[in-house]
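What follows is a single structure, written as structure tokens, with notes after it.
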Amino acid sequence: MSAAERAEPGLVCAFAVTRTPPGPSALASVPGHEEGGPLRVLDAGGLYVVVQDVPETLFGEQALAERLNRPADLERCARAHHRAVEAAAGTGGPRAGAAAGAAVVPLPMATLYRGDRSALRAVDERRPVLEALLDRLRDRTEWAVKVHAAEGSVDAAPGPPAGPEGSGSGGRAYLSRASARRRDRQEAHGKARTEAEAIDAELRRHAVAATRHRPQSERLTGRRTPQLLNAAYLVENADRDAFTRALAALTAEGGRPSVRADASGPWIPYSFARWDEEPVPETGRREVPA
């Protein structure tokens, strides 16, 4: 893309709101959307918005919808958005220093305004919500946990062997075996789901809030067994060690044979920072029964 195209006037893309603006040198080292200008900060009177000028020809409603329908473009936009949110938080990456970064409210991807005044007006209109979110997220990070049924425990078992379908003892034996197979699969699925629920209940004891996302399909996960839990936990930085110890015990190989649990973190708390939704309630973690 030419310099003239990069400088084309257009829209303002907003990434995150914070009370602690990142310095110019930190922003200068972080590329936002490759089609836009450098990242910069808008002062909204005690709140600061990290933004970038982007061309309307590529970020207008129709053009953007077409681009986000292309997987490669969608991934590039998502990565650019995440880089800018990290810059707003003052972190060097999703793991390095995430807990030490400033509290930020990440905005939805492709939050666009027609100029700085529109962006500042939107922040001012939501100021009470943003202030409350920043208070809530200070010194807290997000951890993601995904639980799948273990291979061979639920749906990996073969179906009933082929046999006669007519009447008589052969047919009755076939139907009996089929019924037993279905019963075994249902019992295995029930046991795996119970173990997934137990993992969730234990982790909530060490978190201030938790939320569940829609389980991902097997096409997205690349696994042959169903995803039983797709959850996020908001954890006090001071309680991180207790949370990670509980996580290690729950995800240890062989600890819960019917499921496999995978965890990642700490992350910037995207799941708990939506300014356009009701906040996820805090769990009262020390009152949750074992």
Side-chain angles (χ1 to χ4, degrees), residues 1-18 21-42 48-98 101-102 104-116 118-119 122-123 141-142 144 146 213-214 216-222 230 232 262 264-277:
M1 177 169 294
S2 69
E5 289 173 314
R6 289 181 183 275
E8 176 190 346
L11 303 171
V12 171
C13 184
F15 299 100
V17 177
T18 180
S25 59
L27 289 184
S29 65
V30 177
H33 294 292
E34 62 186 32
E35 304 90 351
L39 299 183
R40 57 192 181 89
V41 176
L42 299 180
Y48 299 89
V49 195
V50 174
V51 301
Q52 181 185 26
D53 297 308
V54 294
E56 187 169 4
T57 51
L58 294 176
F59 287 82
E61 185 175 356
Q62 182 175 346
L64 185 62
E66 291 174 357
R67 294 177 67 210
L68 296 185
N69 268 329
R70 297 191 289 267
D73 283 343
L74 174 60
E75 182 177 355
R76 279 195 292 272
C77 285
R79 289 183 181 279
H81 181 82
H82 185 60
R83 287 194 301 266
V85 172
E86 287 184 339
T91 63
R95 291 178 178 273
V104 297
V105 176
L107 304 183
M109 188 174 72
T111 297
L112 297 160
Y113 299 101
R114 195 167 290 283
D116 290 358
S118 294
V123 169
T141 50
E142 177 175 331
K146 295 177 171 57
H213 302 299
R214 184 187 300 276
Q216 296 171 315
S217 69
E218 293 172 27
R219 180 179 62 83
L220 290 176
T221 65
N230 183 11
D262 301 305
S264 62
W267 305 104
I268 291 170
Y270 282 90
S271 298
F272 304 92
R274 291 297 299 269
W275 71 347
D276 54 351
E277 294 179 353

**OP:** Kindly indicate, with the supporting measurements, whether the criterion side chain to side chain contact (heavy atoms under 4.5 Å, CB included) is fulfilled by Glu56 and Leu112.
**Re:** CA-CA 10 Å; Glu56 187 169 4; Leu112 297 160; over 6 Å; no
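How far CG of Leu64 is from OG1 of Thr57: 11.5 Å, rounded to the nearest 0.5 Å. Here the straight-line distance linking atom CG of Leu42 with atom OH of Tyr113 works out to 10.5 Å at 0.5 Å rounding. For the atom pair NZ (Lys146) and CG (Asp262), the distance works out to 8.5 Å, reported to the nearest 0.5 Å.
Side-chain atoms of Arg83 do not come within 3.5 Å of backbone N or O of Val30 as any donor-acceptor pair. At least one donor-acceptor pair under 3.5 Å links the side chain of Glu142 to the backbone N or O of Tyr270. Under a 3.5 Å cut-off, the side chain of Gln52 and the backbone N or O of Leu39 do not form any donor-acceptor pair. The backbone N or O of Leu68 lies less than 3.5 Å from no partner atom in the side chain of Asp73, so there is not a single donor-acceptor pair.
Nearest heavy-atom pair, Trp267 versus Ser264, reported as atom, atom and distance to 0.1 Å: NE1-OG, 3.1 Å. Nearest heavy-atom pair, Pro55 versus Gly36, reported as atom, atom and distance to 0.1 Å: CD-CA, 4.4 Å. A pairwise comparison of heavy atoms in Ala273 and Val105 identifies O-CG1, 3.2 Å as the closest pair. When all heavy atoms of His33 and Ala80 are compared, the closest pair comes out as ND1-CB, 3.5 Å. What you find for Ala88 and Val50 is that their closest heavy atoms are CB-CG2, 3.6 Å.
At least one side-chain heavy atom of Arg114 sits under 4.5 Å from a side-chain heavy atom of Leu11. Pro38 has its side chain out of reach of Leu27: every pair of non-hydrogen atoms, C-beta onward, lies at least 4.5 Å apart. The side-chain heavy atoms of Glu35 and Val54, taken from C-beta on, include no pair separated by under 4.5 Å. Between Arg40 and Val51 the shortest side-chain heavy-atom distance falls below 4.5 Å.
No salt bridge links Arg70 with Glu66; every basic N to acidic carboxylate O contact stays at or beyond 4.0 Å.
Applying side chain to side chain contact (heavy atoms under 4.5 Å, CB included) to Cys77 and the options His82, Glu34, Arg67 leaves one that passes, Arg67.
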